[in-house]
Structures are given as structure tokens and as C-alpha cells.
Amino acid sequence: MGDFIWRPEYSVGDEHLDEQHRGLIELIDMLEDQSHMDEVLGRLEIYIDEHFRDEEGMLANADYPDLAAHKRQHKAFEEWLAVSRRAFREPEVSSMLRESIRAYLKSWLVNHIMVSDKDYASWLD
Ligand SMILES: [Fe+2]
């Protein structure tokens with residue numbers, strides 16, 4: 001276990017989405033152990049797919065006005081993740097690249113939750 005943990009201030013006010021965000025943070029935290037990185041990134045890809053689908057579905061139901069922009073952020077992230085996974089399979093991936101992938105994942109998730117996801121919180125009441 002690393003030091004990346006879910007915090008109450010990450011809450012978007014919806015139990016299901018908070019639970020999924022917690023799961024994402026746990027997965028990213030598991031990347032601390034670099035020996036399982038490919039497997040964890042694979043699980044992350046599946047988890048992200050389900051989470052983005054749920055989140056976008058809820059926002060569509062709530063008539064959230066910035067849904068199109070929000071979806072674009074999700075899409076860009078999915079593309080980044082796919083490219084990173086591919087880069088990862090190269091035999092001589094340096095530990096620096098591994099560390100930068102992990103650092104990017106942490107900061108993307110926290111920024112996305114704290115800014116873009118928080119923005120929809122009031123629409124889900
Ligand atoms: Fe989101």
C-alpha cells in the first residue's frame with residue numbers, strides 16, 4: 001500500500017460515484033509496486049470504462065449542461081491510458097517512465113475529481 005488514499009474532500013455527493021472513485025484511487029495506489037504495473041493498468045482500463053459509463057449516464061439523466069466537455073476529458077484520458085499501456089509493454093521501460101505514469105495518474109484523477117467532477121455535484125441532488 002502506498003500513500004494515495006481517498007479523502008472526504010474528494011466526495012462528489014453521490015455514494016456510488018464516490019465508491020468508484022475510491023476504487024480508482026486504490027488501483028492507482030497499487031502501482032506503487034512496480035512489478036504488477038501491466039496487470040494493474042489493465043484492471044484500471046476496465047474499471048475506468050465502467051466508471052465513466054456510469055458517471056456519464058447519471059449526468060445525462062440529470063441534464064448536466066457541461067456533459068459534452070466532461071465526456072471529452074474522459075475520452076482524452078482513455079486515449080492517454082491506452083498509449084501508456086502500450087509504451088509499458090516495451091521491454092526496457094525505465095523506472096522513470098513508470099514513475100511518471102503513476103504521478104500523472106494521481107494528479108489527473110485528483111484534479112479531475114476536485115474540479116470537473118465537483119462541478120456536477122449540485123446537479124445530482
Ligand atoms: Fe468524471
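Bear in mind that the values here come from a model prediction, so they are computed numbers and not experimental data. Remember, it's 1-based here, ligands and their atoms both numbered in the order they're listed.
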Quiz item: Which protein N, O or S atoms sit under 2.8 Å from the Fe ion (ligand 1)?
Solution: Glu55 OE1, His70 NE2, His74 NE2, His112 NE2, Asp117 OD1
Quiz item: So Phe77 and Phe52, would you call those rings parallel, tilted or perpendicular, with 30° and 60° as cut-offs?
Solution: perpendicular
Quiz item: Given Arg53 and Asp49, is the salt bridge (Lys or Arg N to Asp or Glu O under 4.0 Å) satisfied, shown in steps?
Solution: CA-CA 6 Å; Arg53 216 175 36 230; Asp49 191 56; 3.3 Å; yes
Quiz item: Once you round to the nearest 0.5 Å, how far does CD1 of Ile28 lie from CG of Leu105?
Solution: 4.5 Å
Exercise. Indicate whether the side chain of Asp117 and that of Tyr10 have a donor and an acceptor atom separated by less than 3.5 Å.
Key: no
Self-check item: Non-neighbouring partners of His112 that pass ring-ring contact (aromatic ring centres under 6.0 Å, His included), sequence neighbours left out
Solution: His70, His74, Trp108
Quiz item: Is the number of heavy atoms from other residues, nucleotides or ligands within 6.0 Å of CD (Glu9) greater than 12?
Solution: yes
